[in-house]
Amino acid sequence: QVHLTESGGGLVQAGGSLRLSCSVSGRFASIADMAWYRHVPGKPRNLVAIITRHGETNYAEAVKGRVTISGDNAENTVYLQMNSLKPEDTAVYYCNAHYTRSYYYRSPILEAWGQGTLVTVSS
């Protein structure tokens with residue numbers, strides 16, 4: 001079982017910054033990618049940013065230029081640095097990981113989610 005533990009959420013004024021962290025623990029062989037999603041009640045959960053194990057990144061249009069995703073492979077931790085925050089960034093942010101339990105090339109890719117961390121941006 002893989003566990004994702006998020007931290008760093010909170011209340012911030014518009015224009016401010018926050019850094020979210022997500023640590024992976026448990027039994028796994030390799031992590032294919034990690035991502036941050038966000039969810040606002042009544043709306044779908046949307047991808048914010050993703051980083052592959054090779055360091056390739058991709059961002060949602062709504063956050064490009066304001067958000068940076070990075071990873072520490074040695075610590076199995078991914079970060080989401082959010083700057084110039086806007087009230088519309090208010091959401092519960094979830095960490096997501098795709099991983100395998102074996103190095104066997106046909107090992108299935110599994111998925112794990114964190115419990116979510118609330119980010120509130122006041123105007």
Problem set entry | Sidechain-backbone polar pair: Glu6 side chain, Gln115 backbone, donor-acceptor under 3.5 Å | yes
Only one of Thr90, Val63, Val92 passes side chain to side chain contact (heavy atoms under 4.5 Å, CB included) with Arg38, and that residue is Val63
Heavy atoms from other residues, nucleotides or ligands near CD1 of Ile109 exceed 12 (cutoff 6.0 Å): no
Plane angle bin for Tyr94 and His39 - parallel if under 30°, tilted between 30 and 60°, otherwise perpendicular = tilted
Would you say the side chain of Phe28 lies within less than 4.5 Å of the side chain of Asn76, judging by non-hydrogen atoms?
yes
Value for OG (Ser7) from CG (Leu20), rounded to nearest 0.5 Å, stands at 8.0 Å
Open item on the list: Hydrogens and angles aside, do Asp72 and Thr77 bring a side-chain donor and acceptor to less than 3.5 Å of each other?
Closed with: no
Discussion item. As a quick check of understanding, evaluate side chain to side chain contact (heavy atoms under 4.5 Å, CB included) for Glu111 and Asn96, giving each step before the final call.
Written reply: CA-CA 7 Å; Glu111 184 177 49; Asn96 170 276; 3.0 Å; yes
Gln81 versus Asn83, side-chain donor and acceptor atoms under 3.5 Å:
yes
Item to complete: With side chain to side chain contact (heavy atoms under 4.5 Å, CB included) as the test, would you mind laying out the steps for Val12 and Ser122 before giving the verdict?
Response: CA-CA 6 Å; Val12 64; Ser122 63; over 6 Å; no
What one should report as the nearest heavy-atom pair of Trp36 and Ile69 is CD1-CD1, 3.8 Å
To the nearest 0.5 Å, atom OG of Ser23 lies from atom OH of Tyr79 at 6.5 Å
Same cluster or not: Val40 versus Trp113, using hydrophobic residues (I, L, V, M, F, W, Y) connected whenever any side-chain heavy atoms lie under 4.5 Å apart?
no
Tyr103 and Ala29 have their tightest heavy-atom pair at OH-O, 2.7 Å
Start with the C-alpha gap between Met34 and Tyr99, add the side-chain angles, then the distance that decides, and say whether side chain to side chain contact (heavy atoms under 4.5 Å, CB included) holds. CA-CA 9 Å; Met34 293 189 70; Tyr99 65 98; over 6 Å; no
Here the gap from Asp33 atom CG to Ile50 atom CD1, rounded to the nearest 0.5 Å, amounts to 4.0 Å
Note: Val2 and Ala112 closest approach over all heavy atoms is CG1-CB, 4.1 Å
Check: Arg66 side chain, Ser84 main-chain N or O, donor-acceptor pair, under 3.5 Å = yes
Tell me, with the steps shown, if Val119 and Leu18 meet side chain to side chain contact (heavy atoms under 4.5 Å, CB included).
CA-CA 9 Å; Val119 171; Leu18 279 176; 3.7 Å; yes
When rounded to the nearest 0.5 Å, the distance separating CG of Asn58 from CG of Leu47 is 7.0 Å
For Lys64 and Tyr59 the tightest heavy-atom approach is CE-O, 3.4 Å
Any donor and acceptor pair, going by atom type alone, linking the side chain of Thr117 with main-chain N or O of Gly9 inside 3.5 Å? yes
Report task. May I ask you to test the His3-Arg27 pair for a side-chain heavy-atom distance under 4.5 Å? Result -> no
In short, Tyr37 meets Val48 closest at the heavy-atom pair C-CG2, 3.9 Å
Interatomic distance, CG@Leu110 vs CZ@Arg101, rounded to 0.5 Å, equals 5.5 Å
No-hydrogen, no-angle side-chain donor-acceptor test under 3.5 Å, Thr100 and Ser30
yes
Here the pair of heavy atoms bringing Cys95 nearest to Leu4 is O-CD1, 3.5 Å
Atom CD of residue position Gln13 - does it have more than 12 heavy atoms of other residues, nucleotides or ligands inside 6.0 Å? no
